[in-house]
Amino acid sequence: MSVPNIVRPLTEWRDPRHRRGLAGELAAARDLEARGWTVLAHRFRFGHSDLDLVARQGNLVAFLEVKTRQSDAFGGGLNAVGWRKRQSIAVGAMIWISRFGQPQDSYRFDLVVVELSRGGFPQIIHIEDAWRHVEK
């Protein structure tokens, strides 16, 4: 996996949620690669938004939203991806496809929930085809 595209150096990050999010994204990327996926992009930027991960397995390209949690006290990861976030991810996916997509590719939206525990290994839950984008 390539080095993450980080605008500010990690040493300047003060919010622990941002550090936790990056750790979750990197754990998800390692897990995907261990299961035969190729990570094509990490934090693919478009405007003020980004796609957490874009990964390929054969002709399948997945746009992955990664939610990192220490507990489910505020709801699970799936509950954190509302319609606005899904719309933003769809816009990013369309931009990515226009730049890098191949005619034989198929696409889907996946969710990866990374649950962190103190001192333990992260538990990674990959929800394939977590939602479908519907044009309005």
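Note that the structure is a prediction, hence the values are computed from the model and not measured.
Here Lys67 does not pair with Asp52 in a salt bridge; the nearest charged N to carboxylate O distance is not below 4.0 Å. Ion pairing of Arg35 with Glu33 is absent here, as no side-chain N (NZ or NE/NH1/NH2) approaches a carboxylate O to less than 4.0 Å.
Legend: residues meeting salt bridge (charged side-chain N to carboxylate O under 4.0 Å, His left out) with Arg108, ordered by chain and number and at least two apart, are Asp110, Glu128.
Heavy-atom minimum distance, Leu51 versus Trp96: CD1-CB, 4.4 Å. What you find for Pro122 and Leu116 is that their closest heavy atoms are CB-CD2, 3.8 Å. In this structure, Tyr107 and Gln102 approach most closely via the heavy-atom pair OH-N, 3.6 Å. Considering every non-hydrogen atom in both Phe109 and Ala93, the closest pair reads CE2-CB, 3.8 Å. Of all the heavy atoms in Val114 and Ala28, the pair that sits closest is CG2-CB, 4.3 Å. The two residues Leu32 and Ala55 have their closest heavy-atom pair at CD1-CB, 4.2 Å.
For the atom pair OG (Ser49) and CD (Gln87), the distance works out to 11.0 Å, reported to the nearest 0.5 Å. With values rounded to the nearest 0.5 angstrom, Leu111 atom CG is found 12.0 Å from Asp129 atom CG. Atom-to-atom distance recorded for Arg99:CZ and Met94:CE is 13.0 Å, nearest 0.5 angstrom. To the nearest 0.5 Å, atom CD of residue Gln104 and atom CG of residue Asn59 are 5.0 Å apart.
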Dump the intermediate steps for side-chain contact (heavy atoms from CB on, under 4.5 Å) on Asp105 and Leu60, then the final yes or no.
CA-CA 6 Å; Asp105 288 344; Leu60 175 63; over 6 Å; no
Given side-chain contact (heavy atoms from CB on, under 4.5 Å), test Gln57 with Thr38 step by step and report yes or no.
CA-CA 6 Å; Gln57 193 172 53; Thr38 300; over 6 Å; no
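The aromatic rings of His126 and Trp37 sit tilted relative to each other, their planes meeting at an angle between 30° and 60°.
At distances below 3.5 Å, not a single donor-acceptor pair connects side-chain atoms of Arg69 with backbone N or O atoms of Val113. Side chain of Arg43 to backbone of Arg45: no donor-acceptor contact under 3.5 angstrom is found.
Here the options are Leu53, Ile89, Val54, the test is side-chain contact (heavy atoms from CB on, under 4.5 Å), and the partner is Leu64; only Leu53 passes.
Using a 4.5 Å cut-off on side-chain heavy atoms (C-beta onward), Ile95 and Phe100 make no contact.
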